[in-house]
There are 2 protein chains.
Amino acid sequence: MSHTVGIRQAQKLKTRQALLDAALRLLEHQSLSSLGLRELTRAVGVAPTAFYRHFADVAELGVALVEETLGSLHGLIGAILAETGDAEVRIARTVDLIARHVREHPAHFRFIARERHGGVGPVRAAIAAQLDAFTEEVATALGREPVSAGWSEEDLRMLAGVYVEHMVMTASAFLSAQETGEPGAPEGPAEEQVARTARDRLRLVSLGRLHWPGRDAGR
Amino acid sequence: MSHTVGIRQAQKLKTRQALLDAALRLLEHQSLSSLGLRELTRAVGVAPTAFYRHFADVAELGVALVEETLGSLHGLIGAILAETGDAEVRIARTVDLIARHVREHPAHFRFIARERHGGVGPVRAAIAAQLDAFTEEVATALGREPVSAGWSEEDLRMLAGVYVEHMVMTASAFLSAQETGEPGAPEGPAEEQVARTARDRLRLVSLGRLHWPGRDAGR
DNA sequence: GTAGTCAGTGAACAGTCGTACTCTGAGTTC
DNA sequence: GAACTCAGAGTACGACTGTTCACTGACTAC
C-alpha cells in the first residue's frame, strides 16, 4: 500500500472527533450560539487554542455535526420505499426506523431539531440543504411507483416534502417522549403513543395521495 | 371610576414592553440562550439592574414573549373553521391568514420557531402548552362538523395536530421566503410559491380526512 | 540522521457577563 | 404636606469569554 493514515493525522482526527462528541453532549442542554469555545475545549481536555487547528468557528463545527448526523442517512428512506409496496408495512417500518435511530442517537437528532431554526446561519443552511436533498430523493423514489402516474413534478415534490417534514417532527416527538421516561428503559408507553400517532398521520397522507385529483384529470 | 392605571405603573409597563420589544429585535439573529441581560438592557437604554424589576430570568422574559405572540391567536383558527364549510375557501383563508400574520409580525414567529426546540426549558414548555391548547381548540371545532361523524377522540386530536403542525411549518416557510426578498416588498414570488405548496398540503390532508376509515366501520 | 512540519501548550490581552450592593427621586398614600 | 414606596441609576465584584502570540516536541520527509 502507498501509505497508511499516519500517526500524526490519526491523532488529529481523534481530537477532532472528541471535539464533535463533547459538543454534542454539551448541546443537549443549550443551543449552538451559546456554546463557548473555552467551555468546549475544557470538556475535551485540550487547550482553547487547539480548537483552531480543526475549525475556524463554532459555526464550522456545527456544520460538521450536521454532516455527521444527516449525511449517513441518505438512501435509507429510499431503501424502505423500494423494499415493499404495501402501504401498511411501509408505514410501520418507517416509524420503527425513526424510533430506533432516535433512540440510538438522541443527541444528534436533538441537535438537528434545535439548530434547524437556530441562531447560527451556516448551520441552518446546512440542515436545509440536507433536508432538501432528502426531499429530492423521496420525490424521485415516489415518482417511480405506479401510483404516481399523472403526478406533476411539483406535486411529487410537495408530497415528498410532507413525508420529510413528517419524519423530522416524528423524530422530535420521540425525543420529548423518551425524556419523559428513564433513558435506560427499553420502550415507554409515551413512545408507543407517539409511534401510533405518527403511523396514523402517515395513513392520512397515504389516503390523500390515493385520491389526489391530478391522477385522473386536471383540477 | 375607582382609579386609572397610575403614572407609576404605566411607566413600569412601558419599560417592560421596551424590554420585550428590544429582546424580540435582538433575537432575530441569535437565540434566547445566548441573549445577554446586559446586551438587552443596553439596547433599551436602562441600567442592567433595572431588568430585575420585571423578570427574574431571561427565561421568564422568554415565557412572556411566548404569551404575547401566541396568546392573542386563540380563537382565530376556530373562527375560520366556523366561517365556512367549503374546503377550498377555508384552505385559502387559512393560508392567507398565516401569510398576513407572519408578514406583520415576523420577529414574533421567528422567535417561536427558534425557541420551540431551543435550549431554554421553560420557554419550550410554554410554547408546547400553547400549541397543545391550539390543538385542543381545533379538535373540538373539527368534532362539531358533520364530516367528523364516527371519528374517535384520539383520531380527532391526531388530525388537529396535523393542522397545527402544518400551520407552524407554513409560518416558518413564509419566514424563509420573505427573507429572500427585500423586507419592504409587498409580495415576492417565493412567498406565492410557499402559499401554493401550503394549500396543496392542506388539500392532501383534507382528502385523507374524507376517506378516513373510521367514519364507516372499525378498521 | 537531519531538517522541517504542525497539533497542541500556556500566558496574556481586552472585553463581556450576571449579580449584589447602596442610593436617588418621582409618584403615591394618608 | 409629610411619610412611604419602589423603578431605575451607579458602582463594584469575580468569573468567564474569544483571540493573539511565541513555544515545544513528537512525527514526517528527504
**Q** Would B:Glu165 and B:Arg116 count as a salt bridge (charged side-chain N to carboxylate O under 4.0 Å, His left out) here? Give the steps.
**A** CA-CA 12 Å; B:Glu165 207 79 49; B:Arg116 185 179 179 200; 2.8 Å; yes

**Q** Which residue, B:Ala56 or A:Val46, contacts DNA chain C at a nucleotide closer to its 5' end, judged by nearest heavy atom?
**A** A:Val46

**Q** Rounded to the Å, how far apart are A:Leu37 CG and C:dG8 P?
**A** 14 Å

**Q** Would you say the side chain of B:Arg53 and the base of D:dC6 hold a donor-acceptor pair, judged only by whether the two atoms sit under 3.5 Å apart?
**A**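 By the distance-only test, no, there is no pair.
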
**Q** Respond yes when some side-chain nitrogen or oxygen of B:Thr15 is under 4.0 Å from OP1 or OP2 of D:dG8, and no when none is.
**A**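 Yes.
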
**Q** Take the protein atom CG of B:Leu13 and the nucleotide atom C1' of C:dG27, then report the distance between them rounded to whole Å.
**A**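 My rounded result for the distance is 15 Å.
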
**Q** CD of A:Gln9 versus C1' of C:dG8: gap in Å, rounded?
**A**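 After rounding, the gap between these two atoms is 16 Å.
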
**Q** Using whole Å, what does the distance between atom C1' of nucleotide D:dG18 and atom CD of A:Glu60 come to?
**A**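 So the two atoms are 16 Å apart, to the nearest Å.
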
**Q** By nearest atom, which of the nucleotides D:dA9, C:dC17, C:dG10 is closest to the B:Glu39 side chain?
**A**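 Comparing D:dA9, C:dC17, C:dG10 against the side chain of B:Glu39, the answer is C:dC17.
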
**Q** Side chain of B:Arg38 only, please: which of C:dT19, C:dT9, D:dC27 is the nearest?
**A**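 When the side chain of B:Arg38 is considered, C:dT19 is the closest of C:dT19, C:dT9, D:dC27.
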
**Q** Rounding to a whole Å, what distance do you find between A:Tyr52:OH and C:dA7:C1'?
**A**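 Spelled out: OH on A:Tyr52 to C1' on C:dA7 is 16 Å.
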
**Q** Ignoring hydrogens and angles, are the base of C:dT29 and the side chain of B:Arg8 linked by a donor-acceptor pair under 3.5 Å?
**A** no

**Q** List the atom of A:Leu40, the atom of A:Leu26, and the distance in Å for their closest heavy-atom pair.
**A**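 So the two residues come closest at CA-CD1, 4.0 Å.
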
**Q** Nearest whole angstrom, please: distance from the C1' of C:dT9 to the NE2 of A:His54.
**A**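 Value for this atom pair: 13 Å.
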
**Q** Answer yes or no: does a side-chain N or O of B:Arg42 lie under 4.0 Å from OP1 or OP2 of C:dT16?
**A**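 It does not, given that no N or O in the side chain of B:Arg42 lies less than 4.0 Å from OP1 or OP2 of C:dT16.
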
**Q** To the nearest Å, how far apart are B:Lys12 NZ and D:dA9 C1'?
**A** 16 Å

**Q** Decide yes or no on salt bridge (charged side-chain N to carboxylate O under 4.0 Å, His left out) for B:Glu192 and B:Arg199, but give the supporting numbers first.
**A** CA-CA 10 Å; B:Glu192 180 46 36; B:Arg199 283 191 293 263; 3.0 Å; yes

**Q** Whole-Å distance between C:dC17 P and B:Phe51 CZ?
**A**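 The answer, rounded to whole Å, is 13 Å.
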
**Q** Assign each of B:Ile7 and B:Leu35 to its nearest nucleotide of DNA chain C by heavy atoms, then name whichever residue's nucleotide is nearer the 5' end.
**A**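 Its nucleotide being nearer the 5' end, the pick is B:Leu35.
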
**Q** Within a radius of less than 6.0 Å around CD of B:Glu104, do more than 12 heavy atoms belonging to other residues, nucleotides or ligands occur?
**A**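 Yes, CD of B:Glu104 has more than 12 neighbouring heavy atoms, counting only those of other groups under 6.0 Å.
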
**Q** What pair of heavy atoms forms the shortest contact from A:Arg157 to A:Thr135, and how long is it?
**A**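 Minimum heavy-atom separation between A:Arg157 and A:Thr135: O-CG2, 3.8 Å.
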
